[in-house]
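Scroll down for the structure; my scribbles are underneath it.
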Amino acid sequence: MSPAEHGTSYFGVRDPRHAERDMDRFREDGLNAVLHTFSERDRLYYKETMGEIITASKERGLTTYVNPWGVGRVFGGEALSEFIGRTPDAKQVLSTGETVPAACFNHPEFRTYMRGWVEDTVEIGADVVFWDEPHWYMPEWYDETTPEGSWNCRCASCQERYQDRYDEQMPAVETERVATFREDSLVEFLEEMMELVHDLGAKNALCLLPGAHPDHGLSDWERLAASEHLDVFATDPYWAGYDEDPETYVGENTDLVVELADRFDVESQIWIQGFHLDDDPTTIEEVRTATRIVRESDVDSVFMWGWDGCRVISDIACDDPEAVWQAYLDELSV
């Protein structure tokens, strides 16, 4: 049974007339949902424009998701963060005392900023707020390194919350209690934001990085799958990034998401890789295989990241973006 929802992420276009043509094309290609990125830059300079683009999407019958693209550098996305430049005290701090270029989930100013982001996102028309790969700072994402054995975050806000919770000073060595505190902090942040989304009348989707590793968000996915504020539970098993076999990797992650979504009565969603794919002869077949695995599963929603094989972002564009995009569309139409 094919998923009821077929979609794609959409970014890089801030001309509503151009975006309207793309939304028309998506509908003609059989898609019925779209994710619009809403970065810090968009919020500052394109808020009303994004509202126009979202309205045009909804007028064409597309369910609209909106994500915090690269906001605070703690969500997925190729976008820069002004917040961490303007609010250096809100940066995450390594156990060695060095700051890193990402906001801390526990810092009150970041919480305030994100509540404002949520309010603006719902105001411009989001049907679903998409919490995209929330994670603590991962230096490997930016070709950077940190001192061996270091961890984050040990900023003043984290230390204060830790002290209040456990009635002891936060250690400089990562203990099991510290690891638990990190996960609790992320869950509490997301619960606060998702509750606000519901209060404002929109839905929540949460996409966790595969692997159930604490640096990737959570080691125990059930904690957020069970949230009373969650509507859609998702993951993005991008096989090429981990040098995995797409059939096995996508299949296992799809089964996991479907099982958790069914158990906690939320919708399930899987994302197909449409970026950083080379022109190897097997690439197109891998895209088709991954999409077929999801299409033949019991998942409710499938999306590709991103539209047209990410051809508009040269750093992550597929070598043959049009072929990747068409493989996804073709497999959905089977």
Which donor-acceptor pairs under 3.5 Å do side chains of residues 47-54 form with protein atoms, sequence neighbours excluded?
unit_1: Lys47; atom_1: NZ; unit_2: Asp120; atom_2: OD1; d: 3.2
unit_1: Lys47; atom_1: NZ; unit_2: Glu123; atom_2: OE1; d: 3.3
unit_1: Lys47; atom_1: NZ; unit_2: Glu123; atom_2: OE2; d: 3.4

Got a sec, which residues hit ring pair (Phe, Tyr, Trp, His ring centres under 6.0 Å) with [X], two or more places apart in sequence or on another chain?
| X | answer |
| --- | --- |
| Tyr249 | Tyr242 |
| Phe75 | Trp131 |
| Tyr238 | Phe275 |

For Arg25, all residues meeting side chain to side chain donor-acceptor pair (under 3.5 Å), sequence neighbours excluded: Asp22, Asp308
Got a sec, which residues hit side chain to side chain donor-acceptor pair (under 3.5 Å) with Thr99, two or more places apart in sequence or on another chain? none
Test ring pair (Phe, Tyr, Trp, His ring centres under 6.0 Å), reference Phe105, set Tyr137, Trp136, Phe181, output is Trp136
Quick one: which of Tyr65, Phe130, Tyr10 gives a ring pair (Phe, Tyr, Trp, His ring centres under 6.0 Å) with Phe303? Tyr65
Would you say [X] and [Y] make side-chain contact, with heavy atoms under 4.5 Å?
| X | Y | value |
| --- | --- | --- |
| Leu206 | Pro134 | yes |
| Leu186 | Leu190 | yes |
| Cys207 | Gln269 | no |
| Glu222 | Phe264 | yes |
| Thr37 | Ser9 | no |
| Val324 | Met304 | yes |
| Leu208 | Trp221 | yes |
| Cys310 | Phe11 | yes |

Among Val302, Thr289, Leu332, Val257, which one satisfies side chain to side chain contact (heavy atoms under 4.5 Å, CB included) with Val294? Val302
Partner set under side chain to side chain contact (heavy atoms under 4.5 Å, CB included) for [X], not counting sequence neighbours:
| X | result |
| --- | --- |
| Glu192 | Arg111, Arg115 |
| Ser333 | none |
| Asp167 | Gln163 |
| Arg41 | Ser39, Tyr45, Tyr46 |

Near Asp265 CG, under 6.0 Å, is it more than 12 heavy atoms from other residues, nucleotides or ligands? no
For the CD atom on Glu176, are there more than 12 heavy atoms of other groups (residues, nucleotides or ligands in this structure) within a distance under 6.0 Å? no
Grouping I, L, V, M, F, W and Y whenever their side-chain heavy atoms are under 4.5 Å apart, do Leu94 and Met170 come out in a common cluster? no
Minimum heavy-atom distance between Ser301 and Glu5, given as atom pair plus value: OG-OE1, 2.7 Å
Minimum-distance pair of heavy atoms, taken over all atoms of Leu230 and His198: N-CE1, 4.4 Å
I'd like to know if the side chain of Asp255 pairs up with that of Ser297 as donor and acceptor (distance under 3.5 Å, no hydrogens or angles considered). no
Inter- and intrachain pairs under side chain to side chain donor-acceptor pair (under 3.5 Å), touching residues 77-90, at least two apart: Glu40-Ser81, Glu82-Arg86
For Glu228, check salt bridge (charged side-chain N to carboxylate O under 4.0 Å, His left out) against everything at least two apart and list the hits. none
Do NZ/NE/NH1/NH2 and the carboxylate oxygens of Asp184 and Arg177 come within less than 4.0 Å? no
Can you classify the ring geometry of Trp325 versus Tyr328 as parallel (below 30°), tilted (30 to 60°) or perpendicular (above 60°)? tilted
